[in-house]
**Q** 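Structure provided below as structure tokens; questions to follow.
Numbers here are sequence positions counted from 1. Just so you know, these numbers come straight off a predicted model, no measurement behind them.
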Amino acid sequence: QVRLVESGGGSAQAGDSLRLSCAVSGRTFVSYAVGWFRQAPGKVTEFVAAISWGGDITHYADSVKGRFTISQDNDKNTVYLQMNSLKPEDTAVYHCAADTAPALLRQGQGKYWGQGTQVTVSS
């Protein structure tokens, strides 16, 4: 079992920045990828970003390209989502998920999921 725990959410004003963290622990895949998803009230779950184990492959939703950056620190078993130029429409519960390839995450699939962290952006 792989455990994922998100942190770093909170309240921000439009234009501010936040950095989310996803701590990965437990039995991991031989080669795994981690991604971020978000769900706002009344909205479907939306893919945000994903990164391969080696960090050589990244995917981003069009809505966050140029503003969000996904990265990882394998020594800390942590994946980050740096969110800049936040907008009110970024308000959502953000979840991280893990699977064997970033392409699976990009299409909305994840074998393991965290419980989420709330991000609220006010104008």
**Q** So which atom in I51 and which in S71 form the shortest heavy-atom distance, rounded to 0.1 Å?
**A** CD1-CA, 3.9 Å
**Q** Do L18 and L86 make a side-chain contact, defined as non-hydrogen atoms from C-beta onward lying under 4.5 Å apart?
**A** yes
**Q** Which class fits the ring pair W113 and F37: parallel under 30°, tilted 30 to 60°, perpendicular over 60°?
**A** tilted
**Q** How long is the straight-line distance from CZ of R19 back to CE of M83, given to the nearest 0.5 Å?
**A** 11.0 Å
**Q** Are there over 12 heavy-atom neighbours, none belonging to Q118, within less than 6.0 Å of that residue's CD?
**A** yes
**Q** Taking the side chain as C-beta and beyond, is there a heavy-atom pair between Y112 and D99 under 4.5 Å?
**A** no
**Q** Which residues satisfy the ring pair (Phe, Tyr, Trp, His ring centres under 6.0 Å) test with Y80, sequence neighbours excluded?
**A** none
**Q** Does H95 use its side chain to pair, donor to acceptor, with the backbone of G114 at less than 3.5 Å?
**A** yes
**Q** So how far is it from L81 CG to Q72 CD, rounded to the nearest 0.5 Å?
**A** 13.0 Å
**Q** Check whether any side-chain heavy atom of P88 sits under 4.5 Å from a side-chain heavy atom of Q13, and report yes or no.
**A** no
**Q** Starting from the C-alpha separation in whole Å, work towards a yes-or-no answer on side chain to side chain contact (heavy atoms under 4.5 Å, CB included) for V24 and K76.
**A** CA-CA 9 Å; V24 183; K76 296 182 178 180; over 6 Å; no
**Q** Give me the one residue out of L4, I70, D73 that meets side chain to side chain contact (heavy atoms under 4.5 Å, CB included) with V79.
**A** I70
**Q** Q39 side chain to V93 main-chain N or O, any donor-acceptor pair under 3.5 Å?
**A** no
**Q** Should T69 and Y60 count as side-chain neighbours, where that means a heavy-atom distance under 4.5 Å?
**A** yes
**Q** Ignoring hydrogens, what is the shortest heavy-atom contact between S21 and T78? Give both atom names and the distance.
**A** CB-CG2, 4.0 Å
**Q** Are side-chain heavy atoms of V34 and C22 found at a separation under 4.5 Å?
**A** yes
**Q** Which heavy atom in R67 sits nearest to a heavy atom in S85, and how many Å separate them?
**A** NH1-O, 3.0 Å
**Q** So which heavy atom on Y94 is nearest to which on V48, and how close?
**A** CE2-CG2, 4.3 Å
**Q** Rounded to the nearest 0.5 Å, how far apart are CD of E46 and CH2 of W36?
**A** 14.5 Å
**Q** When you measure from the side chain of Q1 to the backbone N and O of G26, does any donor-acceptor pair fall under 3.5 Å?
**A** no
**Q** Got a salt bridge between K87 and D90, using NZ or NE/NH1/NH2 to carboxylate O under 4.0 Å?
**A** no
**Q** Any chance you could measure S122, atom OG, to D16, atom CG, to the nearest 0.5 Å?
**A** 10.0 Å
**Q** Between the side chains of N84 and S17, does any donor sit under 3.5 Å from an acceptor?
**A** yes
**Q** How far apart are the closest heavy atoms of A33 and A101, and which atoms are they?
**A** CB-C, 3.6 Å
**Q** With rounding to the nearest 0.5 Å, note down the distance linking CZ in R3 to OG in S25.
**A** 4.0 Å
**Q** Assess the residue pair Q107 and F47 against the criterion (side chain to side chain contact (heavy atoms under 4.5 Å, CB included)); give the C-alpha distance rounded to whole Å, side-chain angles, the decisive distance to 0.1 Å, and a yes or no.
**A** CA-CA 8 Å; Q107 67 183 78; F47 168 78; over 6 Å; no
**Q** Check step by step if side chain to side chain contact (heavy atoms under 4.5 Å, CB included) holds for T91 and V119.
**A** CA-CA 5 Å; T91 296; V119 172; 5.8 Å; no
**Q** Hey, does K111 have a side-chain heavy atom less than 4.5 Å from the side chain of T100?
**A** no
